Undergrad: 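Please find one structure pasted underneath; my questions will follow.
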Amino acid sequence: MKVVKFGGSSLASATQLQKVFQIVKEDPTRKFVVVSAPGKRSADDIKVTDLLISYYNRYLNNENTEAIIKKIVNRYEGILDELSIKKDVLVDIQQAIQQLSTLQRENNPHLFDAFLASGEDNNAKLVAAFFSQNGLKATYKNPLDLGLIVSDEPGNARILASSHNKINQHKNTDEVLVIPGFFGYTEQGDICTFSRGGSDITGSIVAAGVEAEIYENFTDVNGIFVAHPGVIHEPRTIEELTYREMRELAYAGFAVLHDEALMPAYRANIPVVIKNTNNPQCKGTLITTSRKVKHEPVVGIASDQGFASIYISKYLMNRELGFGRRLLQIFEELGLSYEHMPSGIDDISIILRERQLSQDIEEELLERMTLELKPDELRITHGLSMLMVVGEGMRQRIGVMADSTSALAKNNINLEMINQGSSEVSIMFGIREEQEEKAIQALYETFFNN
Ligand code: ASP
């Protein structure tokens, strides 16, 4: 059986919901349907989750909430009307949204999560009612009844291992279970959400729990592109990639799936497919444990901006016992996490996200490094972009590095850093942010367009 998850744009309007219904109906093995809250209908629209944040802020500040409640209810009502769904669901939804403003306001660490979660919770009720009314045996299933128990970390919940067996008990359901994404319940019975975009995580957890044959994640693109469509005109989509390749691409900005969403499916060895609600015939992109590497060593090119690099050089660094530990201790004590650490014999670079560096922190960091490590040279470079060439195939193919560097050199792109991960799934280049687009285009030409 399959677990399907639909994102906010797939549930934003009645037209979209009709498509969702067809998709679920045409395959009787699609038994678990995880839904997001209604998303944007157009570029300048507001997601229901974001409306709920406004509602929460107003409530917290003791401001009038009537207008915002109306706006939220209207989003559901518009969809219900167009689909001619019976009015009792609307009454239910209206009450649930209204009731949020009766929750304890002070000293309530779960209040924000309760507001946010209601976006998906009410949508699951709506979707279940729509399916049932159209002859599909479907029920709304609350995460508590499903057994989705999470850690008590508001806004950043983690699944608890005990959930697995509880969810597993639902695997032989004969009706379609419509499950709200994005949140679970703590052992004390409080609502806790995952981080933003977390309905993807719910889908993956449910897929692992019920041992699904596949986790289908429906969104609004035909699959994962080999490079960013904002930089490359109509890039190809990737047919198949491994979890590891996906992880590397996601790291550098491929944001189709939530970062944490792959883990539960990966551990349970369940393939994930990214599909398009607006074009369900399209095969989409399949993510699996292993794939047959065909001719191409590279599956995708990604990049992400906002990095800084700190370069330290000291003669005989390689023999100085404890140098690395003392260096990283300074980072740890300043609360800085680093991303990469390429090193040579007498030098080392630490790459980190520069949003962590306020002026004060940066000054303190450099001062402490100078005092405690006594380097011969120490410098910091801002405004770097990490460019990643990703593909399991490069392990068996000589020349990916050479092809990449020569393409970049031909385009006058200066390499500030090169790092090939130990796993040999990716090669990373640190370049200046201004050269990022040109670099992606050069690599795309080399690996995908000849
Ligand atoms: N609705 C939530 C958000 O906007 C969760 C999700 O859509 O996955 O973050």
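All figures in this text were calculated on a predicted structure; none of them were measured in a lab. Basis for what follows: all heavy atoms, side chains included, without hydrogens, waters or symmetry-related copies. Just so you know, ligand 1 is whichever comes first in the structure, and atom 1 is the first atom listed for that ligand.
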Undergrad: Would you list the atom pairs, donor with acceptor, under 3.5 Å between side chains in residues 218-225 and any protein atom, with sequence neighbours excluded?
TA:
residue, atom, partner, partner atom, Å
D220, OD2, S9, OG, 3.0
N222, OD1, N276, ND2, 2.9
N222, OD1, N279, ND2, 3.1

Undergrad: Going by an N to O cut-off under 4.0 Å, is there a salt bridge joining R196 and D50?
TA: yes
Undergrad: Testing the 3.5 Å rule here: is there a donor-acceptor pair between the side chains of E120 and S199?
TA: yes
Undergrad: Going by the rule side-chain contact (heavy atoms from CB on, under 4.5 Å), which residues pair with S358 if we only count those two or more places apart in sequence or in a different chain?
TA: D360, I361
Undergrad: Are F21 and F131 an aromatic pair, judged by ring center distance below 6.0 Å?
TA: yes
Undergrad: Please list, by chain and number, the protein residues whose heavy atoms come under 4.0 Å of ligand 1.
TA: S36, K47, T49, E120, F182, R196, G197, G198, S199
Undergrad: What residues form a salt bridge (Lys or Arg N to Asp or Glu O under 4.0 Å) with E211, not counting sequence neighbours?
TA: K171
